[in-house]
Undergrad: 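The structure under discussion is supplied below as structure tokens; questions concerning it will follow.
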Amino acid sequence: MSENVVHLHKHTDPPAAPATVDNSPTVLTVVPDAPPARPVPLWVRSGRAVRTAVTHERTRAAGRAAVRHGLYTFNGGRIVARRAWDGRTGSRYERMIRAAEAAGNLEAAEEWEERLQRFRAARHHRRMDLLHSPVDAAKGVAVGAGMSVGVLVALGIVMALNSGQAGDVITPLSATIEFIALLIRIVQVVWGPAVTIGPFLALLALWSVGRKQHAAPQWALPANVRSGEGEPITPSIVVKALRDLGVPALARAIKEMGDAGASMLGPITIAGCGVEVDVTLPSGVSTNEVQGKRRKLAENLTRHEHEVFITIPQAARTVRLWVADSGALDEPIGPSPLVTDETLTADYAKGRAPWGQDLRGDAAALSLYQRHLLITGLSNQGKTVALRSLALWLSLDRSVQFLMGDLKGVGDWAMFDGLATTLIQGPTDEHVIQVTEMVEGAVDEMNRRIQAPPGTTFPPLIVLVDEAQVAFMCPAKDADKRPYGGSKANSRYFMAVRKIHNQGRAVNVLMWQGTQDPTNENLPKLVREGAHTRASLALGTESQARMALGDKAVDGGAAPNLLRPGLDRGTLVVASDGITIPAGQSSITVRTHYIDDDAATAITDRAKALRDGVTTLHAIDRDADHDPLADIAGVVGDAARVRTKDVLARLAARNADAYGGWSFIDLKRVLDDAGAEPYKSDGVMVVARDRVARALANRDSDGSASTD
């Protein structure tokens, strides 16, 4: 039997009876209504209002202002009291003595001790004088008063004689007495307000001193003062920054020195767009403790991390701080002299390439003479432009020859077409094979030069490979299963580079490489250590910085990993004996000039005008049959005449297997047989373009006639 359940809500009438009769039992349940919303207690609303008022920005600003101005007055009093104490006692000299002793400078300590003795002797003399000063002062007052009265009486007598009135004798004396009485009345009137206002004026003076010294916590200072942007670097700021660096031994030593912690500092000198100062650390503090806290030191100096550089000079226990003007490193430097001076030329042996500016704002120029080069960094940081600017300068020396491989292949080096003997552009394995064979051809040319008679001079041959990491990581193998990439003894590219590093500089065959993101896989250790000039743009980690520049440079303060990717584009850290590096440092930071593609093309056009014409090869085919006379005509190009040694070098670069071992005798034999004998012009042997072209035309016509 079913049950009818009727829910009766409290405080409601029961439902009306149904129209039909149902005999099943009915169960009544009472369900209470939801309780009405209770009003929020007054104390809760008051608490919320109080919390909102307390946390409101205006309330917080008012609180900071109250704390700030109160501490200005309190700390201003401390500063004035400290100054007064220093002026009356020998505490300043004692602090300087302690500072000199902490720095180990005994001569300075002795000098300050002598000054302290002189100060104490002078103070004793002044105190002894004070014992006799009351009697001397009384005698002086009595004598002065008597003389004054006598002068006034004499003046009265003169006035009486002049006027004939005896009463005028005391007129000057009575006028003086009345004037003194007037002054007394003025003092009586002013004294009351002065006593009332005086304390407030004194507090105002103390507040002014504290405000000028920013004598309040950083959180209580105004936003413009708290940021400190552009704040000049002073000795006190440097000392405070070092004290708050978080090095306990350094903080204790500075605390013992007191305000004389500035004795650790050398002169603060203007250095380019910043200032430079040497800091002699106290005993127990090592230089790497300061180096490792570069970011905190920069923030203590109200600078960004990239605006502070820490290097280690020759002096023991000393760090050299270079602090940039706020925002100065974000400003671009001027254009390259290669762009602004169209008469500029290069000298491979004695000249220096204008590369950019150092942090001091001085011109940074790099010598390229007999130095292998390696530039590395993250992608899109200006590596190709920095490497290309050096090649652009060197192209203005007509004796320099180039073999170039661009394994990016986007046209960054296209302007060297017609200037470089070989220019291979592309990122594929086939391009890596071509570049590898180009470098191996340079090895053959190097061996030929080494075997030349002693005293023979050779033109510079620059073997340049951009994006070299593509070659090192190439998986392709030749017919003998030898890999082109890798870093093993059978790796063709790796071994060719190593051979040039080992012996190339002696005969002016130099290896230049640009690579990204150095690792042991894409830049083997033996290759990177074979470069005489190593430069790095922004990197990701310190371990990469050590790969790029070496342990010595990084331990000496070089930190390309602290450069800002994107923002410091074109900024290099350079370790080389070919650039002027400040004494005691192992590297220098250079902001390179930016030369765009149009300007680079204009420079190469000037370089081409200096030369007799160069036929650029874009591929190397070592299996094809060679025609010596045709190849000679090809390397002579459009020039009227070319020196025989240049012809030999170009032939070797064109096909090292065929011409790498050629000497002047071999060249002369081919030309003599063809009727295009070399001859002497201006004291040097040359090959004439017209003679070679005529001999080639006669040979071809003879061949055609015989065929017919």
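Counting from 1, the numbers follow the sequence of the chain as shown. Basis for what follows: all heavy atoms, side chains included, without hydrogens, waters or symmetry-related copies. Not measured: the values here are computed from a predicted model.
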Undergrad: Quick one, L461 with N508, criterion side-chain contact (heavy atoms from CB on, under 4.5 Å). Give me CA distance, side-chain angles, the key distance, then yes/no.
TA: CA-CA 6 Å; L461 176 61; N508 284 331; over 6 Å; no

Undergrad: Distance-only, no hydrogens or angles: does the S399 side chain make a donor-acceptor pair with backbone N or O of P459 under 3.5 Å?
TA: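 Such a contact is absent between S399 side chain and P459 backbone.
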
Undergrad: Evaluate the side-chain proximity of L696 to I632: yes if any heavy-atom separation is below 4.5 Å, no if none is.
TA: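 The answer is no; the side chains never approach within 4.5 Å.
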
Undergrad: Can you tell if the side chain of H372 reaches within under 4.5 Å of the side chain of Q513, non-hydrogen atoms only?
TA: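 No; the side chains remain at least 4.5 Å from each other.
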
Undergrad: Hey, does Y484 have a side-chain heavy atom less than 4.5 Å from the side chain of V435?
TA: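 Side-chain contact under 4.5 Å: no.
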
Undergrad: Strictly distance-based, threshold 3.5 Å: is any side-chain N or O of R294 a donor or acceptor partner for the main-chain N or O of V308?
TA: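 Confirmed, R294 side chain pairs with V308 backbone.
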
Undergrad: Under the side-chain contact (heavy atoms from CB on, under 4.5 Å) rule, what do W413 and L423 come out as? Steps first, then yes or no, please.
TA: CA-CA 8 Å; W413 298 88; L423 177 59; 4.2 Å; yes

Undergrad: Less than 4.5 Å apart, side chain to side chain, heavy atoms only: is that true for T515 and R528?
TA: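 No, side chains not in contact.
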
Undergrad: To the nearest 0.5 Å, how far apart are CD in Q370 and NE2 in H532?
TA: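 The distance works out to 9.0 Å.
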
Undergrad: List for me each residue that meets side-chain contact (heavy atoms from CB on, under 4.5 Å) alongside L378, sequence neighbours excluded, and say none if there are none.
TA: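 Checked L378 against side-chain contact (heavy atoms from CB on, under 4.5 Å); matches are Q381, D517, P565.
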
Undergrad: Which heavy atom of Q469 sits nearest to which heavy atom of G514, and what is that distance?
TA: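 Taking every non-hydrogen atom into account, OE1-O, 4.2 Å.
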
Undergrad: Please list all pairs meeting ring-ring contact (aromatic ring centres under 6.0 Å, His included) that have one or both residues in residues 334-367, counting only residues at least two apart or in different chains.
TA: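 Residue pairs passing ring-ring contact (aromatic ring centres under 6.0 Å, His included), neighbours aside: Y348-Y369.
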
Undergrad: Under 30°, 30 to 60°, or over 60°: which ring-plane class applies to Y659 and W662, parallel, tilted or perpendicular?
TA: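 Plane angle over 60°, so perpendicular.
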
Undergrad: If I compare all heavy atoms of G377 with all of L539, which pair ends up nearest, and what's the gap?
TA: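 Answer, listing the atom of G377 first, then L539: CA-CD2, 3.6 Å.
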
Undergrad: Could you note down all residue pairs passing side-chain hydrogen bond (donor to acceptor under 3.5 Å, both in side chains) where residues 597-614 supplies at least one of them, sequence neighbours left out?
TA: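 Sorted pair list: R388-D597.
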
Undergrad: For T616 versus G418, what's the shortest heavy-atom pair and its separation?
TA: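 Between these two residues, the closest heavy atoms are OG1-N, 2.7 Å.
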
Undergrad: Can you sort out the partners of D417 under side chain to side chain donor-acceptor pair (under 3.5 Å), two or more places apart, ordered by chain and number?
TA: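 Residues passing side chain to side chain donor-acceptor pair (under 3.5 Å) with D417: H618.
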
Undergrad: Hey, could you give me the CG/CD1 distance between L572 and I588, rounded to the nearest 0.5 Å?
TA: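 These two atoms lie 11.5 Å from each other.
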
Undergrad: Tell me whether E467 is salt-bridged to K383, with the criterion being a basic N under 4.0 Å from an acidic carboxylate O.
TA: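 Answer for the salt bridge query: yes.
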
Undergrad: Within the side chain of S536, is there an N or O that forms a donor-acceptor pair under 3.5 Å with the backbone of V573?
TA: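 No.
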
Undergrad: Under the criterion side-chain contact (heavy atoms from CB on, under 4.5 Å), I'd like the reasoning laid out for Q291 against I312: C-alpha separation, chi angles, the key distance, then a yes or no.
TA: CA-CA 9 Å; Q291 276 187 303; I312 310 299; 3.8 Å; yes

Undergrad: Please tabulate, for side-chain N and O atoms in residues 674-687, each donor-acceptor pair with protein atoms closer than 3.5 Å (sequence neighbours left out).
TA:
from, atom 1, to, atom 2, distance (Å)
S681, OG, R641, NE, 3.4

Undergrad: Please round to the nearest 0.5 Å and tell me the distance separating atom OG1 of T457 and atom CZ of R449.
TA: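 Those atoms lie 9.5 Å apart.
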
Undergrad: Are the side chain of E307 and the backbone of A324 linked by a donor-acceptor contact shorter than 3.5 Å?
TA: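 Looks like no, no N/O pair under 3.5 Å.
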
Undergrad: Looking at R482, is its backbone amide N or carbonyl O close enough to the side chain of D480 to form a donor-acceptor pair, meaning the two atoms are under 3.5 Å apart?
TA: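 No.
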
Undergrad: Hey, are the side chains of L510 and I462 touching, using non-hydrogen atoms and a 4.5 Å cut-off?
TA: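 The answer is yes, as the side chains (C-beta and beyond) meet within the 4.5 Å cut-off.
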
Undergrad: Quick one, P628 and L651 - any side-chain contact, counting heavy atoms below 4.5 Å?
TA: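 No, side chains not in contact.
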
Undergrad: Taking T533's backbone N and O only, do any of them form a donor-acceptor pair with S576's side chain (distance below 3.5 Å, no angle check)?
TA: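 Not confirmed, S576 side chain does not pair with T533 backbone.
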
Undergrad: Just by distance, with hydrogens left out, do D362 and Q357 show a side-chain donor and acceptor under 3.5 Å apart?
TA: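 The criterion, which ignores hydrogens and geometry beyond distance, is not satisfied for Q357 and D362.
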
Undergrad: Closest approach of S663 and L648, non-hydrogen atoms and distance?
TA: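 Shortest heavy-atom separation between S663 and L648 comes out as O-CD2, 3.7 Å.
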
Undergrad: Kindly give the heavy-atom pair with the smallest separation between N380 and R569, and that separation in Å.
TA: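 Here N380 and R569 meet closest at O-NE, 3.0 Å.
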
Undergrad: Going from CD on Q401 to CD on E445, what distance comes out if it is rounded to the nearest 0.5 angstrom?
TA: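 Output value for this atom pair is 7.5 Å.
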
Undergrad: Any side-chain donor paired with an acceptor under 3.5 Å for R498 and N502?
TA: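 Checked: R498/N502 side chains pair up, N/O donor to acceptor below 3.5 Å.
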
Undergrad: Where the side chain of S491 meets the backbone of G485, is there a donor-acceptor pair that is under 3.5 Å apart?
TA: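 Yes, because the side chain of S491 sits within donor-acceptor range (under 3.5 Å) of the backbone of G485.
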
Undergrad: What's the spacing between M438 CE and I424 CD1 if we round to 0.5 Å?
TA: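 Interatomic distance, M438 CE to I424 CD1, rounded to 0.5 Å: 5.5 Å.
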
Undergrad: Are the side chains of V527 and F472 in touch, meaning some heavy atoms are under 4.5 Å apart?
TA: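 SC-SC contact between V527 and F472 confirmed.
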
Undergrad: Specify the closest pair of heavy atoms between A346 and L394, including all atoms of both residues, with the distance to one decimal.
TA: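 Shortest heavy-atom contact: CB-CA, 4.3 Å.
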
Undergrad: Say whether, by atom type as modelled, one donor and one acceptor occur between the side chain of R534 and the main chain of A575 under 3.5 angstrom.
TA: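 Not at all, since once roles are kept as given, no pair shorter than 3.5 Å links the two residues.
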
Undergrad: Decide yes or no on side-chain contact (heavy atoms from CB on, under 4.5 Å) for V439 and Y493, but give the supporting numbers first.
TA: CA-CA 7 Å; V439 179; Y493 181 79; 4.0 Å; yes

Undergrad: Check whether any side-chain heavy atom of T421 lies under 4.5 Å from a side-chain heavy atom of L403, and answer yes or no.
TA: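 The answer is yes, as the side chains (C-beta and beyond) meet within the 4.5 Å cut-off.
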
Undergrad: Using the six-membered ring wherever Trp is involved, compare the ring planes of F416 and F402 and label them parallel, tilted or perpendicular (cut-offs 30° and 60°).
TA: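 Perpendicular: the ring planes of F416 and F402 meet at over 60°.
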
Undergrad: With no hydrogens and no angle check, is any side-chain donor or acceptor of T615 less than 3.5 Å from a backbone partner on G634?
TA: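 Flag set: sc T615 to bb G634 pair under 3.5 Å.
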
Undergrad: Just how far is it from atom NE2 of H431 to atom OG1 of T436, taken to the nearest 0.5 Å?
TA: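 Rounded to the nearest 0.5 Å, the NE2-OG1 separation comes out at 12.5 Å.
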
Undergrad: Restricting to side chain to side chain donor-acceptor pair (under 3.5 Å), what partner residues turn up for E542, sequence neighbours left out?
TA: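 Only R546 meet the side chain to side chain donor-acceptor pair (under 3.5 Å) criterion with E542.
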
